[in-house]
Amino acid sequence: MREMLEGGPVDVLTGDYLAELTMLILARDRMKDPATGYAKTFLRQLEQCLGTVLDRGVTVVTNAGGLNPAGLAQALGALAGRLGLSPRIAQVTGDDLLGRADELGLGAPLAANAYLGAWGIAHALRQGADIVVTGRVTDASLIVGPAAAHFGWARDDFDALAGAVAAGHVIECGAQATGGNYAFFAEHDIGLPGFPIAEMHADGSSVITKHPGSGGAVTTGTVTAQLLYEVDGPRYLGPDVTTRLDTVVLTDDGPDRVRITGVRGEAPPPTLKVGLNSLGGFRNDVTFLITGLDVEAKAALARTQLEASLKRRPPAELVWRLARTDHPDADGQEEASALLHATVKDTDPAVAGRAFSGAAVELALSSYPGFTLLAPPGDATPFGVFTSAAVPAGLVPHLVVLPDGTEHTIEPLNGDLADAACGTTGGSLGSNDPCGAASDAAVPSWTGRGPTRRAPLGLVAGARSGDKGGTANIGVWARSDAAYAWLAATLTADVLVELLPEAAGRPVARHVLPNLRALNFVVDGLLGDGVSAGTRFDPQGKGLGEWLRSRHVDIPEELL
C-alpha cells in the first residue's frame, strides 16, 4: 500500500483479499470469534498509510471485509480515532447467505457468500465515501465500481462496464500483470515487480501500467497471461455484465503501457454465483523417502505394510503418489531419492491423526532398506470443500451502509434485460452462436508444410493456469499469427490430454480467443474438491501451464 501511494499519483487504491481458500480461513476464524472474519492485514497496512490516503485525496476500495464488513468498518473507525483522523467509511453487505442456506437449498456450509457486483461501491463513492469495505464482491467489482461512479455509467452501459471488468481482471492479482509468474520471465529484468495500475477512460477502455521505476514489466504478453487466468469460456459471467473476452484487443502503448480496447459487454445472467465452503473432514500426510535401487518395489512394500496396519479401521480415503525424482548413478543422495506421498482423509480426526502417522513411523525398522520419513508424525487437520451454486439475483439483498449509518438497497438489474442475456448459457456456443462468440472458424488456418523438430511447446507458446474450486484452467497463447494458427490446429482437447495424462477421463473444454492468439482449456474435476481438500502436490493447478509448456511436440522449424 505504501509503495502504491508513494510511487506516483493514484485516484483509487484497491485491494483484493478474498481467494476461495481465504473465505474458508475467515469462516474458521469467525467460528472461534464472531467479531473476526475480516482480513486483518488490511488494517495493519492502513495504519501506516491512512494519513497519506486522506492527505492526497485517495479513495480506498477493498473486499477485505470478508465475512464481516461491518466488523472491519468498526475496526477502521477505531483505528482512525486513535490516529486522530476522520475518514468517511462506507460498507457493502448482503452477500452473506449463511443464515438462509437451508431456505435457499444451499445445504449446511460454514460460509455461503454470493458474489455481488459494483453498484453498491459506486453508490457509496457517489455519496462521498473515502473508504469502502465490502464482503464478497467479484474481484473486478473493486475497479468497476469506482469507474462507474466517476464516469456516471448506467446499469445498461454494458460495453463500458465490460471494459472495466477486463481492466479489473488484469490488475486484481497484483504483480501477475507486471511480470510475476510470467512464462517468458527471462526476457525481462523482473526484479521485485511493482503493482499494476489501470488508467480508465469514459468508454471503458484502459491502459495498464505501473509506477515509474518500479520493478517488473507491463507488456501485451503479461496482460494476455492475466486475462487468461482462472476464466472459462469467451463469456466471462459477472453480476453486472457478461464480458466478451473474445473481443478484447491489446496494443502496445509505449514502455510499460498496454492499451485495452474493443471490449464488448452483454447483460449479466439473472442469477448470482454463491461460493460455499464446507467442512469436509480431517486429513493427514506422510512422505516416505526412498533412495537408490528398486524404487517401485520399495514403494509397493511400504504401501502394503501401511495399509495392512490400518485394516482394523481403514480411513475413508487413502491416496498414494510416487514422485520419481530420483536419478541413476547420482552424485548426491537427494538426487538419488524418490518421494512416496500418502494422504489420508476421514470424518474422524482420530483415524486421520496419530493412528495414521504413527502407523507409518512404526514401520521404521521393519520395511524397505533406507526407510525414513521427511517429517515427524503429525496430527490430523481439518479441510474444507469449496463448491458453488446459483441463486436468483432478486433473492440476494445488496445493501450499502453509508458513513452516517443510512442504508441503501441496490436493486437487481431489470429482469427482462437479464433474462435475455446471451451469458445465461455460459461458455462458448460455437459458430452458430446467435450472440456471436468466436469459434474455431475465426482461427487462421495453418498451411505450413516444412520440416518439424521435436521440442518443448513452451518455445513457441506461453501459458498460465489456475483453479476455480475443483476445476483447473490452462490458458495458452502464441506471440505471432503463424504460431497461433499452428497452435490452434495442433493443440486440441485430445492432444492436451495426451500431453497431460492426469486430465484423462475428465471433461475437457477448449475455447478460442483469436484476438489474444489464445486457447483456454477447462478441465473439470482435476483438482478434486478444491485446494484445502486436494491431494495433488499442486492442489491449485498453478504449475499445470508450465508442465504443458515443458512437454515435447513436433514444432515447425519456421516457428523456431
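Taken to the nearest 0.5 Å, the CD atom of Q91 stands 10.5 Å off from the OG1 atom of T134. Taken from CG in D159 to CG in L161, the straight-line distance is 9.0 Å, to the nearest 0.5 Å. Note that the CG atom of L399 and the CD1 atom of I410 stand 8.5 Å from one another [nearest 0.5 Å]. Note that the CD atom of E20 and the OG1 atom of T387 stand 10.0 Å from one another [nearest 0.5 Å]. One distance of note links CG of L487 with OG1 of T492; it measures 10.5 Å at 0.5 Å rounding. Taking CG of N515 as the reference point, atom CZ of R244 lies at 10.0 Å (rounded to 0.5 Å).
The existence of a salt bridge linking R257 and E199 is confirmed by a sub-4.0 Å separation between a basic side-chain nitrogen and an acidic carboxylate oxygen. In this structure, R536 does not pair ionically with D467, as no charged nitrogen and carboxylate oxygen lie closer than 4.0 Å. Salt bridge absent: R136 and D95 never bring a charged side-chain N and a carboxylate O closer than 4.0 Å.
Counting heavy-atom neighbours within 6.0 Å of R264 CZ, excluding the residue itself, gives a total of 12 or less. The 12-atom threshold is not exceeded at CZ of F195, counting heavy atoms of other residues, nucleotides or ligands nearer than 6.0 Å. Within a 6.0 Å sphere centred on CG of D554, other residues, nucleotides and ligands contribute more than 12 heavy atoms.
Between Q226 and R464, the shortest heavy-atom contact is OE1-NH1, 2.9 Å. The shortest heavy-atom contact between R506 and G525 is NH1-O, 3.1 Å. Contact between E266 and V241 at its shortest, heavy atoms only, is O-CG2, 3.2 Å. The minimum heavy-atom distance between R510 and L491, with the atom names listed, is NH1-O, 3.0 Å. Residues W153 and A164 approach most closely at CZ3-CB, 3.8 Å, considering heavy atoms. The two residues L544 and D538 come nearest to each other via the heavy atoms N-OD2, 3.9 Å.
A donor-acceptor pair under 3.5 Å is absent between the side-chain atoms of D139 and the main chain of E172, judged by distance alone. In this structure, T178 contributes its side chain and G194 its backbone to a donor-acceptor pair below 3.5 Å. With H123 contributing its side chain and T409 its backbone, the two residues share no donor-acceptor pair below 3.5 Å. Using a distance-only test at 3.5 Å, with no hydrogens or angles considered, no donor-acceptor pair links the side chain of H188 to the main chain of G216. In this structure a side-chain-to-backbone donor-acceptor pair under 3.5 Å is missing from R551 to L457. No side-chain donor-acceptor contact under 3.5 Å links D29 to the backbone of G37. Side-chain N or O atoms of S141 include none that pairs as donor or acceptor with a backbone N or O of V144 at under 3.5 Å. A donor-acceptor pair under 3.5 Å is absent between the side-chain atoms of T220 and the main chain of T251, judged by distance alone. Side chain of T209 to main chain of D256: a donor-acceptor pair is present (N/O by atom type, distance under 3.5 Å, no hydrogens or angles).
Classification of the Y182-F184 ring pair by plane angle, with boundaries at 30° and 60°, yields perpendicular.
D253 is not listed as a side-chain neighbour of V258, based on a closest heavy-atom distance of 4.5 Å or more. Counting heavy atoms from C-beta on, the side chains of W477 and L516 never come closer than 4.5 Å. In this structure, the side chains of V218 and I197 stay at 4.5 Å or more apart for every pair of heavy atoms. Put simply, the side chain of W547 does not reach to within 4.5 Å of the side chain of S465, judged on heavy atoms. In this structure, the side chains of L116 and P239 stay at 4.5 Å or more apart for every pair of heavy atoms. No side-chain heavy atom of H150 sits under 4.5 Å from any side-chain heavy atom of T59. Contact of the V523 side chain with the L496 side chain is registered, since non-hydrogen atoms from C-beta on lie closer than 4.5 Å. The shortest side-chain heavy-atom distance between I121 and L125 falls under the 4.5 Å cut-off.
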Next item on the list: Go through W486 and V460 one step at a time and tell me if the side-chain contact (heavy atoms from CB on, under 4.5 Å) criterion holds.
Entry: CA-CA 10 Å; W486 171 82; V460 294; 3.8 Å; yes
Next item on the list: Evaluate the criterion side-chain contact (heavy atoms from CB on, under 4.5 Å) for residue pair V92 and H398; output intermediate values, then yes/no.
Entry: CA-CA 7 Å; V92 177; H398 187 163; 3.7 Å; yes
Next item on the list: List the steps and the verdict of side-chain contact (heavy atoms from CB on, under 4.5 Å) for Y236 and T138.
Entry: CA-CA 12 Å; Y236 190 52; T138 68; over 6 Å; no
Next item on the list: Please assess L526 against L500 for the test side-chain contact (heavy atoms from CB on, under 4.5 Å), listing each intermediate value before the final yes or no.
Entry: CA-CA 11 Å; L526 181 62; L500 306 183; over 6 Å; no
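Screening residues 518-529 for side-chain hydrogen bond (donor to acceptor under 3.5 Å, both in side chains) gives T471-D524, N473-N520 as the qualifying pairs, with residues at least two apart or on separate chains.
No hydrogens or angles considered: a donor-acceptor pair under 3.5 Å links the side chains of D203 and S205.
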Could you pull out every donor-acceptor pair under 3.5 Å between side chains of residues 61-70 and any protein atom, sequence neighbours left out?
{"residue": "T62", "atom": "OG1", "partner": "G15", "partner atom": "O", "Å": "3.1"}
{"residue": "T62", "atom": "OG1", "partner": "A64", "partner atom": "N", "Å": "3.0"}
{"residue": "N63", "atom": "OD1", "partner": "Y17", "partner atom": "N", "Å": "2.7"}
{"residue": "N63", "atom": "ND2", "partner": "D16", "partner atom": "OD1", "Å": "2.9"}
{"residue": "N68", "atom": "OD1", "partner": "G71", "partner atom": "N", "Å": "2.8"}
{"residue": "N68", "atom": "ND2", "partner": "A35", "partner atom": "O", "Å": "3.2"}
{"residue": "N68", "atom": "ND2", "partner": "T36", "partner atom": "O", "Å": "3.1"}

